[in-house]
Amino acid sequence: MAKEKTIFTCTECGGASPRWLGKCPACGAWNTLIEALAETGPGTHRYSASRYAGLAQAQGVMPLSAIEASDVQRSPSGIGELDRVLGGGIVEGGVVLIGGDPGIGKSTLLLQALDALQRAGLPTLYVTGEESGAQVALRSRRLGLEHSQVNVLAEIQLEKILAAIDAMQPAVAVIDSIQTMYSEQLTSAPGSVAQVRECAAHLTRAAKASGVAIVLVGHVTKEGALAGPRVLEHMVDTVLYFEGDTHSQFRLVRAIKNRFGAVNEIGVFAMTEKGLRGVSNPSAIFLSQHSEPVPGSCVMVTLEGSRPLLVEIQALVDSGGPSPRRLSVGLDKDRLAMLLAVLHRHAGVACGDQDVFVNAVGGVRISEPAADLAVLLAIHSSLRGRALPRGFLAFGEVGLAGEVRPAPRGQERLREAAKLGFCAAVLPRANAPKKPIEGLSIHPVERVEEALNVVRDLT
Ligand code: TYD
Ligand code: MG
């Protein structure tokens with residue numbers, strides 16, 4: 001085996017240096033050198049890119065048709081909402097990265113899932129680097145899992161963890177969290193980019209080689225991105241994110257990448273005193289319960305996974321100072337600026353000197369452009385101080401030319417809204433249903449101005 005020593009490589013150009021330098025000697029970029037391992041065999045000295053790349057088993061060249069397509073082996077975790085985001089269950093040899101704010105419920109959910117798998121007869125291992133075994137036991141009592149047979153290892157050194165996985169050969173191993181792990185081959189501290197990347201790469205290789213499914217828990221930074229390099233997302237098969245507000249009871253788990261299932265699929269949970277419980281019919285939990293309609297609120301139906309969800313969009317427009325603020329929570333800030341420009345230019349509604357705040361209720365994040373029309377109508381409603389009618393909803397993408405573009409699967413969205421008692425919808429003309437939907441009056445529009453006129457007529 002080649003002897004390994006550490007070098008510093010540039011994240012921009014891949015250039016290497018034996019010492020840490022502020023400036024890359026190859027490309028001149030600043031602060032891009034990070035610690036990495038070099039393999040020094042006889043006559044070779046190269047950056048070990050292979051440790052990150054060689055995840056698939058090496059095979060000779062052969063035509064696609066000659067390769068046997070093996071179906072993936074899935075083990076359902078027994079927690080329906082988690083299986084939904086995983087695409088049916090945990091895949092043999094698959095690596096899942098699960099991210100989220102501290103205290104949102106990552107450890108709780110995974111302990112529950114491991115216990116369910118263990119009870120289904122699959123050996124499981126929970127590696128904790130953040131809590132002691134006693135703390136994990138305390139949590140398990142709280143979850144009502146005092147007789148759980150899940151194996152727990154309190155350890156942060158990668159080599160020992162790999163040895164334990166190798167010796168025990170569990171079906172699923174959870175690493176909680178990847179930022180607390182360190183490899184003794186690197187000198188940098190746990191949680192540093194180099195350590196996180198190195199540990200994840202080793203664990204991924206171990207998963208592929210042994211068929212053990214590995215779940216990595218990752219912390220997110222204040223900006224909401226997984227701390228550590230983006231390379232983590234490329235390395236793993238599935239990336240799940242916890243969403244939702246730690247102050248509210250509900251938690252969303254969203255698949256943002258999945259090699260074994262659909263992306264954007266959402267699992268919905270409620271945090272109870274006995275852990276996380278799946279919410280099987282979640283469509284109405286992101287609506288606040290106003291006894292009377294209030295200005296600045298518009299409901300939309302979002303359909304990012306396979307299930308429609310009704311979400312209330314709130315806006316507040318208030319007179320601002322010399323440099324007015326535009327703030328959005330759960331919605332794209334750049335799109336907000338774009339919508340304000342469209343509102344001004346095409347509908348003559350100016351908010352130039354006003355502060356504008358928008359929020360998706362319940363801590364849910366909406367990235368689909370179908371939210372545009374609801375955001376726009378909520379802003380307009382707040383500006384006029386007039387509430388939208390009771391049972392009103394809107395969805396549709398808004399373009400820079402002021403046009404309202406269709407959203408995918410409009411019928412499904414409308415049916416869900418009708419089921420929950422909504423009675424009026426403003427939507428893109430292309431989404432207008434051919435047959436009427438009982439209880440729902442449809443107002444198809446092609447342009448933003450038209451949508452505002454419909455609302456003026458209704459209120
Ligand atoms: P935790 O799983 O430790 O979060 P993470 O691993 O993502 O940091 O969740 C801890 C929070 O969940 C904590 O605020 C307490 C709450 N909680 C419950 O409400 N009920 C429970 O049964 C458990 C175990 C935790
Ligand atoms: Mg935790």
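Note that ligands are numbered from 1 as they come in the structure, with each ligand's atoms numbered from 1 the same way. Hydrogens, waters and symmetry mates play no part in the numbers below; they use all other heavy atoms, side chains included. The model shown is predicted, which means the values in this text are computed figures rather than measured ones.
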Checking a contact table here: which protein heavy atom is nearest atom 22 (O) of ligand 1, and how many Å away? Gly275 N, 2.7 Å

Could a heavy atom of Thr272 be found less than 4.0 Å from some atom of ligand 1? yes

Any N or O of Leu143 that comes nearer than 3.5 Å to an N or O of ligand 1? no

Are the side chain of Ser192 and the backbone N or O of Ala189 linked by a donor-acceptor pair below 3.5 Å? yes

Within a strict 4.5 Å, meaning less than it, do heavy atoms of the Met300 and Thr302 side chains meet? yes

Side-chain donor-acceptor pair under 3.5 Å between Glu198 and Ser183, yes or no? no

Identify the closest protein heavy atom to atom 13 (C) of ligand 1: which residue and atom is it, and at what distance? Gly103 O, 4.4 Å

Do ligand 1 and Gly105 have nitrogen or oxygen atoms that lie under 3.5 Å from each other? yes

Would you mind running through ligand 1 and noting each atom that sits below 4.0 Å from a heavy atom of Pro102? 8 (O)

Distance check below 2.8 Å: does Ser107 bring an N, O or S atom to the Mg ion (ligand 2)? yes

How far is atom 2 (O) of ligand 1 from the closest protein heavy atom, and which atom is that? Thr108 OG1, 2.5 Å

Any sub-3.5 Å donor-acceptor pair from Lys106's side-chain atoms to Gly99's backbone N or O? no

If you scan protein heavy atoms around atom 16 (C) of ligand 1, the nearest is Met271 CE, 3.9 Å

With a cut-off of 4.0 Å, which atoms of ligand 1 are near a heavy atom of Glu273? 20 (N), 21 (C), 22 (O)

Flag the pair Leu162 / Glu159 as yes when at least one side-chain heavy-atom distance between them is below 4.5 Å, and no otherwise. no

Between Arg325 and Gln354, does the side chain to side chain contact (heavy atoms under 4.5 Å, CB included) criterion hold? Intermediate values first, please. CA-CA 7 Å; Arg325 281 179 296 174; Gln354 311 269 326; over 6 Å; no

Under a 4.5 Å cut-off applied to non-hydrogen side-chain atoms, are Ile156 and Tyr182 in contact? yes

Arg413 to Phe395, cation-pi by 6.0 Å centre distance and 45° axis angle: yes

Do me a favour and list the nearest non-hydrogen protein atom to atom 15 (C) of ligand 1 with residue, atom name and distance? Arg142 NH1, 4.1 Å

For ligand 1, which atoms sit closer than 4.0 Å to a heavy atom of Lys274? 22 (O)

Nearest non-hydrogen contact to atom 3 (O) of ligand 1 from the set Gln135, Glu130, Lys106, Arg139 belongs to Arg139

Can you tell me which residue among Arg277, Arg307, Arg251 is in a salt bridge (Lys or Arg N to Asp or Glu O under 4.0 Å) with Glu81? Arg307

Donor-acceptor side-chain pairing of Gln118 and Thr124 below 3.5 angstrom: yes

Which residue supplies the protein heavy atom nearest to atom 6 (O) of ligand 1, what is that atom called, and how far is it? Ser107 OG, 2.6 Å

Check whether any heavy atom of Gly100 sits under 4.0 Å from an atom of ligand 1. no

